[in-house]
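Notes for the one structure printed next.
Since the structure is predicted, the reported quantities are computational estimates derived from the model, not experimental observations.
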Protein chains: 2
Amino acid sequence: MKTLPQISEAEFEVMKVVWKYAPISTNEITDYLVKTTSWNPKTIQTLIKRLVTKGALTYEKHSRVFVYTPLVDKDEYIGQESSSFLNRFYDGDISAMLSAYIDHDKLSDSEINTLRSLLTKDPKKGGA
Amino acid sequence: MKTLPQISEAEFEVMKVVWKYAPISTNEITDYLVKTTSWNPKTIQTLIKRLVTKGALTYEKHSRVFVYTPLVDKDEYIGQESSSFLNRFYDGDISAMLSAYIDHDKLSDSEINTLRSLLTKDPKKGGA
DNA sequence: ACTTAAATATTACGGTTGTAATAAAATTAT
DNA sequence: ATAATTTTATTACAACCGTAATATTTAAGT
């Protein structure tokens with residue numbers, strides 16, 4: 001498996017926007033994040049640039065503007081981070097993790113039910 | 001809620017040892033981690049020191065040696081990290097997260113069953 | 001009391017991150 | 001063509017991190 005680039009927390013916020021709206025220009029990314037964060041546009045520029053350097057984003061020039069597309073797949077990235085999280089914090093024991101969420105986050109009955117139905121679905125259907 | 005100190009990934013490995021064996025001396029921590037990691041003892045010293053500075057550990061002097069005890073609660077820390085992870089990566093949607101684990105990590109039937117039974121336990125019993 | 005050994009403390013150093021400011025290049029308007 | 005504006009590129013800088021090395025303090029032996 002190819003190794004995905006290291007994406008910092010702030011950079012990840014940028015990635016989320018690009019994943020959602022790509023292809024998207026610098027200004028569009030900036031407009032969006034200026035509204036949803038407390039970041040200065042200059043900061044957002046820097047984050048975008050770093051993501052390009054890291055190989056997480058690529059772009060096409062449309063005359064003066066750059067229009068970005070993700071180079072890393074969202075599900076793959078999140079899946080990898082999730083596995084790594086599970087290993088570091090719960091030694092890979094997913095039951096231990098779920099237990100901790102149930103205790104710590106005090107899941108409501110309806111959340112519990114949703115989870116249960118998730119686990120009850122016939123895995124034969126829906127598979128690849 | 002009091003804010004827990006920021007603990008880095010390498011520091012967290014040290015914390016795990018202290019959580020497990022506290023009260024524990026510098027040398028005991030070092031011996032343990034030298035075996036389970038590729039770290040130089042000096043590196044481990046540094047990590048311990050930083051954890052003290054950050055308020056994650058405290059110690060008692062027993063003549064020349066320091067004997068450490070955690071100042072942050074393991075479950076509390078992990079719970080907080082877990083909530084934060086869930087929010088950042090899954091927008092707080094625990095079903096989405098579990099779904100992703102099921103898909104990405106290809107959970108076995110027995111794992112699925114364990115999870116299901118976890119969710120089926122009567123929450124009335126065992127509560128505080 | 002001195003020397004030695006063991007433990008702790010201080011210093012180092014490059015990479016990453018958060019957070020921008022300044023500089024340069026490219027377009028657009030005049 | 002120039003000037004003004006917009007976009008991108010370069011530079012900055014401190015905190016945090018991984019990874020130690022060196023220095024100092026303190027206890028133990030002799």
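Contacts of A:Arg64 classified as side-chain hydrogen bond (donor to acceptor under 3.5 Å, both in side chains), with partners at least two apart in sequence or in another chain: none. A:Ser83 pairs by the side-chain contact (heavy atoms from CB on, under 4.5 Å) definition with B:His104, B:Asp105, not counting sequence neighbours. With sequence neighbours excluded, no residue forms a salt bridge (charged side-chain N to carboxylate O under 4.0 Å, His left out) with A:Glu111. The side-chain hydrogen bond (donor to acceptor under 3.5 Å, both in side chains) check on B:Tyr90 picks up A:Ser82, with sequence neighbours excluded. With sequence neighbours excluded, no residue forms a side-chain hydrogen bond (donor to acceptor under 3.5 Å, both in side chains) with B:Thr46. A search for side-chain hydrogen bond (donor to acceptor under 3.5 Å, both in side chains) contacts involving B:Asn113 returns B:Arg116, not counting sequence neighbours.
A ring-ring contact (aromatic ring centres under 6.0 Å, His included) check over residues 40-65 of chain B, counting only residues at least two apart or in different chains, returns the pairs B:Tyr59-B:Phe66, B:Tyr59-B:Tyr68.
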What side-chain donor-acceptor pairs closer than 3.5 Å can you find for residues 7-21 of chain A, not counting sequence neighbours?
{"residue": "A:Ser8", "atom": "OG", "partner": "A:Glu11", "partner atom": "N", "Å": "3.2"}
{"residue": "A:Ser8", "atom": "OG", "partner": "A:Glu11", "partner atom": "OE1", "Å": "3.4"}
{"residue": "A:Glu11", "atom": "OE1", "partner": "A:Ser8", "partner atom": "N", "Å": "2.8"}
{"residue": "A:Glu11", "atom": "OE1", "partner": "A:Lys54", "partner atom": "NZ", "Å": "2.7"}
{"residue": "A:Glu11", "atom": "OE2", "partner": "A:Lys54", "partner atom": "NZ", "Å": "3.1"}
{"residue": "A:Glu13", "atom": "OE2", "partner": "A:Lys16", "partner atom": "NZ", "Å": "3.4"}
{"residue": "A:Lys16", "atom": "NZ", "partner": "B:Arg88", "partner atom": "O", "Å": "3.0"}
{"residue": "A:Trp19", "atom": "NE1", "partner": "A:Val72", "partner atom": "O", "Å": "2.9"}

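Looking at every heavy atom in both residues, A:Val67 comes nearest to A:Pro23 through CG1-CB, 3.5 Å.
Side-chain N or O atoms of B:Ser84 include none that pairs as donor or acceptor with a backbone N or O of B:Gln80 at under 3.5 Å.
With no hydrogens or angles considered, no side-chain donor-acceptor pair links B:Thr26 and B:Gln45 at under 3.5 Å.
The separation between B:Phe66 atom CZ and C:dA6 atom P is 18 Å, rounded to whole Å.
Side-chain contact between A:Asp73 and A:Leu4 is absent, with no heavy atoms from C-beta onward closer than 4.5 Å.
For DNA chain D, none of the residues of residues 6-22 of chain A falls under the heavy-atom distance limit of 4.0 Å. Using a 4.0 Å cutoff on non-hydrogen atoms, the parts of residues 38-59 of chain A near DNA chain D are A:Lys42, A:Lys49, A:Arg50, ordered by number.
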Exercise. Determine, for nucleotides 25-30 of chain C in 5'-to-3' order, which nucleotides have protein heavy atoms under 4.0 Å from the base (write B), from only the sugar-phosphate (write S), or from neither (write -).
Key: --SS--
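Contact footprint of chain A on DNA chain D: nucleotides with an atom under 4.0 Å from a non-hydrogen protein atom, first to last in 5' to 3' order, D:dT7 to D:dA12.
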